[in-house]
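All of these numbers come straight from a predicted model, not from anything done at the bench. Quick note on labels: first sequence line is chain A, next is B, and so on, each numbered from 1.
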2 protein chains.
Amino acid sequence: MTTNEVIEVNNSCPAEALLKMLSGKWKPQIFLRSQQGPMRFSELLRDLKGSNKQSVSVALRELEESGLLSKATITQKPLHIEYSLTEKGKAMIPIFHTLELLTD
Amino acid sequence: MTTNEVIEVNNSCPAEALLKMLSGKWKPQIFLRSQQGPMRFSELLRDLKGSNKQSVSVALRELEESGLLSKATITQKPLHIEYSLTEKGKAMIPIFHTLELLTD
DNA sequence: CGGTATCCCTCGGGATACTG
DNA sequence: CAGTATCCCGAGGGATACCG
């Protein structure tokens, strides 16, 4: 408590958490797509060229778990599900765009 | 080569480039550390608990290649090398900090 | 001191088949 | 339609030894 403890936990970098929220091959693109409005599973599968059910499924779950996307289920046949940006997700859009400007 | 090869290039998401600049286990922490001023290799190795020469070496090279860090060599014995934030790197600091605020 | 070369192992992510 | 289960492979990253 008094001084230099050697704590192995590596929370030295808070931004890591957010970086992780968008890490991986498909999450950035899904997040980008979500800014256009609600989207359905098969719709994403079609748009994300080169992806597959498994990968999209995992990415969506992770985005949901980190609170960026929300899932709305319409229990009818055929099943209809929509993924939309949460308020937290919307709050990230400006930053997301700022990132682009720094790219070059 | 006029043939239309099936290149799956997917540049649909510009922010991906920047996300990639800070992706990986050590780059975020190194970038954070660099905000405190110039740093040396062995210094980083000491501070980044659980890392090793190889990983730090690769991370530094990638940060350098993406233009966030610059390398200054003093060719004397013993070798002395300093890594510092570039102007581009400095420009990213505010965003980096904004990211933290959105984490929760 | 400041790295690279090499080996190895885990984990992210692709393909396919099956399910509610 | 919207997923999960399973298998498999390549890349990321750790450990260690060697080099300028």
Side-chain angles (χ1 to χ4, degrees), chain A residues 8-10 12-13 16-34 37-66 69-84, chain B residues 6-10 12-13 16-17 19-31 33-34 37-66 69-84:
Chain A
E8 303 289 348
V9 180
N10 173 347
S12 49
C13 184
E16 250 174 287
L18 191 139
L19 252 6
K20 193 166 186 177
M21 282 173 32
L22 290 176
S23 72
K25 188 164 180 179
W26 303 108
K27 280 183 279 183
Q29 293 175 66
I30 294 179
F31 180 75
L32 183 71
R33 170 61 184 76
S34 71
M39 51 198 177
R40 301 179 56 180
F41 189 85
S42 48
E43 198 180 339
L44 272 173
L45 208 51
R46 226 185 316 110
D47 296 350
L48 300 177
K49 310 292 184 191
S51 73
N52 61 79
K53 299 178 132 199
Q54 175 68 13
S55 305
V56 172
S57 176
V58 171
L60 281 172
R61 190 188 318 131
E62 292 176 355
L63 284 168
E64 217 192 322
E65 284 172 0
S66 52
L69 292 187
S70 64
K71 184 176 177 176
T73 309
I74 298 170
T75 18
Q76 292 186 355
K77 285 223 56 173
L79 251 182
H80 187 110
I81 292 182
E82 279 189 355
Y83 292 90
S84 317
Chain B
V6 184
I7 302 180
E8 302 284 353
V9 181
N10 98 34
S12 48
C13 184
E16 251 173 286
L19 252 6
K20 193 166 187 177
M21 282 174 30
L22 290 176
S23 72
K25 188 164 181 180
W26 303 109
K27 279 183 279 183
Q29 294 175 65
I30 294 178
F31 180 73
R33 170 62 184 76
S34 72
M39 51 200 176
R40 302 179 56 180
F41 189 85
S42 48
E43 197 180 339
L44 271 173
L45 207 52
R46 228 186 314 110
D47 296 351
L48 300 176
K49 310 293 183 188
S51 72
N52 62 79
K53 298 178 133 199
Q54 175 69 11
S55 305
V56 172
S57 175
V58 171
L60 282 172
R61 190 189 316 132
E62 291 176 355
L63 284 168
E64 215 192 324
E65 283 172 358
S66 51
L69 291 187
S70 63
K71 185 176 178 177
T73 309
I74 299 171
T75 17
Q76 291 187 354
K77 286 221 59 174
L79 251 183
H80 186 109
I81 293 182
E82 278 188 356
Y83 292 91
S84 318

Taking every non-hydrogen atom, the tightest pair across Trp26(A) and Lys49(A):
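Smallest interatomic distance, heavy atoms only, reads CH2-O, 3.6 Å.
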Rounded to whole angstroms, how far apart are [atom1] on [X] and [atom2] on [N]?
| X | N | atom1 | atom2 | result |
| --- | --- | --- | --- | --- |
| Leu19(B) | dG12(C) | CG | C1' | 16 Å |
| Leu60(A) | dG3(D) | CG | C1' | 10 Å |
| Glu43(B) | dG3(C) | CD | C1' | 16 Å |
| Met39(A) | dG3(D) | CE | P | 11 Å |
| Gln54(A) | dC11(C) | CD | P | 16 Å |
| Asn52(A) | dG13(C) | CG | C1' | 8 Å |
| Leu63(A) | dG3(D) | CG | P | 13 Å |
| Ile30(A) | dG3(D) | CD1 | C1' | 14 Å |

Base, sugar-phosphate, or nothing: which does Lys27(B) touch, judged by heavy atoms less than 4.0 Å apart? nothing
[X] vs [Y] side-chain heavy atoms within contact, under 4.5 Å:
| X | Y | answer |
| --- | --- | --- |
| Glu82(B) | Arg40(B) | yes |
| Ile81(B) | Phe41(B) | no |
| Leu60(B) | Glu64(B) | no |

Walking DNA chain D from its 5' end, the first of Ser57(A) and Ser51(B) to be reached, judged by nearest nucleotide, is Ser57(A)
Assign each of Glu62(B) and Lys53(A) the nucleotide of DNA chain D bearing its closest heavy atom; nearer the 5' end lies the nucleotide of Lys53(A)
Let's see if you can work this out: which of [options] has an atom nearest to the side-chain heavy atoms of [X]?
| X | options | answer |
| --- | --- | --- |
| Trp26(B) | dG14(D), dG3(D), dG2(C) | dG14(D) |
| Lys71(A) | dG14(D), dG3(D), dG14(C) | dG3(D) |
| Leu79(A) | dG3(D), dT4(C), dG20(C) | dG20(C) |
| Ile81(B) | dT6(D), dG3(C), dA2(D) | dG3(C) |

N/O (side chain, [X]) to phosphate O (OP1/OP2, [N]) under 4.0 Å:
| X | N | result |
| --- | --- | --- |
| Ser42(B) | dC1(C) | no |
| Ser55(A) | dG14(C) | yes |
| Lys20(B) | dG12(D) | no |
| Arg61(B) | dT4(C) | yes |
| Arg40(A) | dA2(D) | yes |
| Lys25(B) | dG14(D) | yes |

Taking Lys27(A) for the side chain and Ser23(A) for the main chain, is one N or O donor matched with an acceptor at less than 3.5 Å?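 Yes: the side chain of Lys27(A) pairs with the backbone of Ser23(A).
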Value for CG (Leu45(B)) from CG (Asn52(B)), rounded to nearest 0.5 Å, stands at 7.5 Å
